[in-house]
Amino acid sequence: MALLIQVENGVAKSKFHIDKPLLRLGRSVENDIYIEDPEVSSEHCVIEMIAKPDNAKELEYFIQDMDSTNHTFINGQKITRHKLSHNDMIRIGWKYFKFIDEARQSHEDTKKIHKSWIPGVYYTK
């Protein structure tokens with residue numbers, strides 16, 4: 001399964017599971033994900049979940065801009081339709097969402113914090 005995590009100033013605010021074939025995002029309350037932002041169009045974009053043609057158990061996710069006024073951006077690039085990849089950053093208006101594909105996610109080892117000889121200075125390795 002995949003999800004969108006709304007990110008604000010580097011902090012995760014809300015998470016939304018992509019659990020149906022078509023997820024609508026926009027400023028209208030009729031959307032699946034309501035985005036309160038005057039720069040977001042009423043029907044801004046959609047995320048589509050599609051089974052891979054060669055393996056129905058694997059899913060692919062596509063985002064499509066719905067001819068919005070201020071466009072949809074993936075990793076800083078304006079798109080009309082785009083295949084989403086794990087960790088893609090989506091910008092809709094001034095709101096940011098991180099796309100997480102749990103099937104592709106790998107968990108790295110937690111980094112250990114070390115205290116340096118300088119008071120109050122720490123580092124990781």
Side-chain angles (χ1 to χ4, degrees):
M1 182 181 291
L3 55 111
L4 292 178
I5 298 176
Q6 185 176 359
V7 179
E8 194 172 301
N9 297 323
V11 176
K13 299 288 279 182
S14 303
K15 70 179 178 179
F16 307 94
H17 291 277
I18 302 172
D19 55 2
K20 55 192 220 176
L22 194 68
L23 195 69
R24 299 175 310 141
L25 295 85
R27 196 167 28 101
S28 170
V29 294
E30 295 173 1
N31 288 297
D32 299 303
I33 298 177
Y34 167 69
I35 304 171
E36 188 175 351
D37 184 342
E39 286 79 22
V40 173
S41 296
S42 295
E43 295 177 1
H44 200 95
C45 64
V46 295
I47 295 179
E48 195 174 4
M49 176 173 55
I50 301 172
K52 277 188 166 183
D54 57 336
N55 183 356
K57 291 183 181 181
E58 278 192 60
L59 298 171
E60 295 179 317
Y61 300 88
F62 293 86
I63 187 166
Q64 182 172 337
D65 186 79
M66 300 303 289
D67 199 25
S68 65
T69 303
N70 291 309
H71 313 291
T72 302
F73 294 83
I74 305 295
N75 303 322
Q77 300 295 313
K78 182 174 109 175
I79 59 100
T80 52
R81 182 170 169 86
H82 178 83
K83 181 180 175 186
L84 289 168
S85 299
H86 179 65
N87 282 333
D88 274 348
M89 191 61 77
I90 303 165
R91 181 171 66 83
I92 301 168
W94 294 117
K95 304 295 182 194
Y96 288 86
F97 297 86
K98 188 172 193 174
F99 175 77
I100 302 295
D101 187 350
E102 293 175 318
R104 307 275 183 261
Q105 185 176 14
S106 66
H107 297 283
E108 298 174 0
D109 291 336
T110 303
K111 293 184 179 183
K112 185 167 174 132
I113 299 172
H114 299 277
K115 185 176 181 181
S116 75
W117 61 272
I118 304 169
V121 176
Y122 296 85
Y123 64 96
T124 60
K125 64 174 174 177

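Nothing here was measured: the structure is a model prediction, and the numbers come from that model.
The backbone N or O of Lys98 sits nowhere less than 3.5 Å from a side-chain atom of Asn87 that would complete a donor-acceptor pair. Using modelled atom types, no side-chain atom of Asn55 and backbone atom of Lys52 make a donor-acceptor pair closer than 3.5 Å. For Ser41 (side chain) and Thr69 (main-chain N/O), a donor-acceptor pair under 3.5 Å exists by modelled atom type. No donor-acceptor pair under 3.5 Å is formed between the side chain of Thr72 and the backbone N or O of Asp65.
Counting heavy atoms from C-beta on, the side chains of Phe16 and Ile47 never come closer than 4.5 Å. Residues Lys15 and Ile100 are not in side-chain contact: their nearest non-hydrogen atoms beyond the backbone lie 4.5 Å or more apart. Looking at Leu84 and Ile90, their side chains come closer than 4.5 Å, going by heavy atoms from C-beta outward.
When all heavy atoms are compared, the tightest approach of Asp37 to Ile92 is OD2-O, 4.3 Å. The heavy-atom pair separating His71 from His44 by the smallest distance is O-NE2, 2.8 Å. Closest of all the heavy-atom pairs between Gly76 and Phe73 is O-CD2, 3.9 Å. Taking each heavy atom of Tyr96 and Met89 in turn, the nearest pair found is CD2-CG, 4.0 Å. The heavy-atom pair separating Leu25 from Leu4 by the smallest distance is CD2-CD1, 4.0 Å. Across all their heavy atoms, Arg24 and Glu30 have their closest contact at NH2-O, 2.6 Å.
A distance of 4.5 Å separates CG in Asp101 from CZ in Phe99, rounded to the nearest 0.5 Å.
Other residues, nucleotides and ligands place more than 12 heavy atoms under 6.0 Å from the CG atom of Asp54. Residue-environment remark: CG (Asn75) exceeds the threshold of 12 foreign heavy atoms within 6.0 Å. Around the CD1 atom of Ile118, the shell of radius 6.0 Å holds more than 12 heavy atoms that belong to other residues, nucleotides or ligands. By the neighbour-count criterion of 12 heavy atoms within 6.0 Å, atom CD of Glu43 is sparsely surrounded, having that number or fewer from other residues, nucleotides or ligands.
For the pair Arg91 and Glu39, the salt-bridge criterion is not met [side-chain N within less than 4.0 Å of a carboxylate O].
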